[in-house]
2 protein chains.
Amino acid sequence: MGSRMRRKSAVTALDAHLGYWLRFVSNQVSQAFSRKVAARNVSVAEWVILRELFDGESVVPSVLADRMGMTRGGISKLADRLVAKGLVTRTADDEDRRYQALALTAQGRELVPVLARLADENDDEFFGDLSAADRKKIESVMRDIVRRRGLKTVPVE
Amino acid sequence: MGSRMRRKSAVTALDAHLGYWLRFVSNQVSQAFSRKVAARNVSVAEWVILRELFDGESVVPSVLADRMGMTRGGISKLADRLVAKGLVTRTADDEDRRYQALALTAQGRELVPVLARLADENDDEFFGDLSAADRKKIESVMRDIVRRRGLKTVPVE
DNA sequence: TATTGTTATACTCTATAACTATA
DNA sequence: TATAGTTATAGAGTATAACAATA
């Protein structure tokens, strides 16, 4: 933790921090992606939920909140919007009616591959020119940081 | 029912995108930093303005907007808050009174090194364990992406 | 007319906490 | 009492556009 040597100047430049560069690039990536999915009337966080629901039959909000690093309140609002758009359904569990499982509608299921392609295109726009080794290196470093710190928050792609 | 068929090859996993990992880590870094500076009653965007003002005598809002990739309206709101906190002053240019130069107050100037220290600590928490080579590699890749795409800010320095 | 900065509006995301329905 | 989910409120950040003052 403290093994990193630090310069003696009292006020480090903004761009001397790796966090500055990550935020800079990742904000651009997210905003570009946001503009793409907006054409389908979906927000980035909504996309993440849709994608999570695509793999399993259904997912319970509290599990989704854990997985996405959001609060249950946040998931609840997102779910409201997705239900209103006809992309997601809520179904109370028969054995314990506190659990309101979320699942994709047919319309939602059809939309996911379309959005997934936009995600692919967006990532390619920013990182397509990197060498495979560079991409792998960066992903590996990020995974390590996540693992080491036990992070579990938001991927807003 | 035929539409139930999953074409998994068409739908990339969320975590297969580099943008996902950058966002994931960079959100954590920003949120951690946000909690640190909140103790000084400053937001992250406010910190960036304060740091930008620290180097020069004064900076005009439109230049700041360009440099930070924000709109003039956004800068205006931030400037309001900083002025209200006694950290920044507005001064109309004598030769062209449309220009309302922003500058640090004495209090603002004293605060910057304190915040800079928090920024150093935060970056160190997340990236301090990386090898110098890895840090350099990642910074270099990010700079290239910014340069290649002509993204907004002027990486100072 | 063009530019600088301000103001108004709206939406997304985050955070906290009070509230309900169920167990 | 504990848990799952909802609702309310607040704030930051972003985006667009109308607007006033100045040039």
Side-chain angles (χ1 to χ4, degrees), chain A residues 23-24 26-35 37-39 41-49 58-66 68-85 88-102 152-157, chain B residues 23-24 26-38 41-49 58-66 68-85 88-102 152-153:
Chain A
R23 183 163 48 87
F24 199 93
S26 113
N27 281 350
Q28 295 294 327
V29 174
S30 290
Q31 284 165 27
F33 183 60
S34 171
R35 283 189 292 272
V37 294
N41 192 29
V42 167
S43 78
V44 178
E46 286 166 9
W47 150 247
V48 175
I49 288 193
S58 70
V59 181
V60 152
S62 54
V63 169
L64 218 41
D66 256 14
M68 294 175 63
M70 294 183 59
T71 61
R72 287 171 299 157
I75 297 289
S76 185
K77 269 200 316 188
L78 286 174
D80 277 351
R81 272 152 45 186
L82 290 168
V83 168
K85 290 174 186 175
V88 161
T89 58
R90 276 190 178 97
T91 310
D93 187 293
D94 281 338
E95 299 185 354
D96 185 338
R97 300 190 60 78
R98 289 176 301 183
Y99 290 86
Q100 306 273 328
L102 302 177
K152 46 170 157 177
T153 292
V154 99
V156 171
E157 179 114 351
Chain B
R23 189 57 173 183
F24 201 101
S26 123
N27 280 352
Q28 292 295 324
V29 175
S30 290
Q31 285 166 26
F33 183 59
S34 172
R35 284 190 291 273
K36 288 186 176 72
V37 293
N41 193 27
V42 167
S43 77
V44 176
E46 287 167 9
W47 148 247
V48 174
I49 289 192
S58 69
V59 180
V60 151
S62 53
V63 169
L64 219 42
D66 259 11
M68 293 175 63
M70 292 182 61
T71 61
R72 288 171 298 157
I75 297 291
S76 187
K77 268 199 318 186
L78 287 173
D80 278 350
R81 271 151 49 184
L82 290 167
V83 168
K85 291 174 186 173
V88 161
T89 58
R90 277 189 177 98
T91 311
D93 186 293
D94 281 338
E95 299 185 354
D96 186 337
R97 301 190 62 77
R98 288 176 303 183
Y99 291 85
Q100 305 273 328
L102 301 177
K152 301 164 189 177
T153 281

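Lettering of chains follows the sequences in order, A, B, ..., and the numbering in each one begins at 1.
Scored by the salt bridge (charged side-chain N to carboxylate O under 4.0 Å, His left out) test, R90(A) finds D80(A) as partners (sequence neighbours excluded).
Each of A101(A) and N27(A) lies near DNA chain D, and the nucleotide nearest A101(A) is the one positioned closer to the 5' end. Between E46(A) and G73(A), the one whose closest nucleotide on DNA chain C sits nearer the 5' end is E46(A). The residue among A45(B) and D96(A) whose nearest nucleotide of DNA chain D is located toward the 5' end is D96(A).
Here dT14(C) presents its P atom at 10 Å from CD of Q28(B), a figure rounded to the nearest Å. For the pair F33(A) CZ and dT14(D) C1', the computed distance is 18 Å after rounding to whole Å. A straight line from CE of M68(B) to P of dT14(D) spans 8 Å, rounded to a whole angstrom. Note: CD (Q31(B)) to C1' (dG13(D)) measures 13 Å, nearest angstrom. In this structure, CG of D66(A) is placed 11 Å from P of dG5(D), rounded to the nearest angstrom. If you measure from atom CZ of R90(A) to atom P of dA4(D), you get 16 Å, rounded to the nearest angstrom. dG5(D) atom P lies 15 Å from atom CG of L82(A), rounded to whole Å. In this structure, D93(B) places its CG atom 14 Å from C1' of dG5(C), rounding to the nearest Å.
Between the side chain of K85(B) and the backbone N or O of N41(B), at least one donor-acceptor pair lies under 3.5 Å.
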Any chance you could lay out the side-chain hydrogen bond (donor to acceptor under 3.5 Å, both in side chains) test for N27(B) and R23(A), step after step, and finish with the verdict? CA-CA 8 Å; N27(B) 280 352; R23(A) 183 163 48 87; over 6 Å; no

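Note on R97(A): only backbone sugar-phosphate atoms sit closer than 4.0 angstrom, heavy atoms only; bases stay farther off. Backbone-only contact: S62(B) has heavy atoms under 4.0 Å from sugar-phosphate atoms and none from a base.
Judged by distance alone, with hydrogens and angles left aside, K77(A) brings no side-chain donor or acceptor close enough to the base of dT12(C) to form a pair under 3.5 Å. Contact annotation: side chain of R98(A) to base of dT3(D), donor-acceptor pair present below 3.5 Å.
Between S43(B) and the phosphate of dG13(D), there is a side-chain N or O to OP1/OP2 separation shorter than 4.0 Å. Distances shown here put a side-chain N or O of R81(B) below 4.0 Å from the OP1 or OP2 atom of dG13(D).
In the set dA4(D), dT14(D), dT6(C), dA4(D) carries the atom at the smallest distance from any side-chain atom of V60(A). Between dC13(C), dG13(D), dG5(C), one nucleotide has an atom nearer to the side chain of V44(B) than all others, and that is dG13(D).
Residues R72(A) and P61(A) fail the side-chain proximity criterion, which asks for heavy atoms closer than 4.5 Å. Residues L64(A) and L102(A) form a side-chain contact, since some pair of their non-hydrogen atoms from C-beta on lies under 4.5 Å apart.
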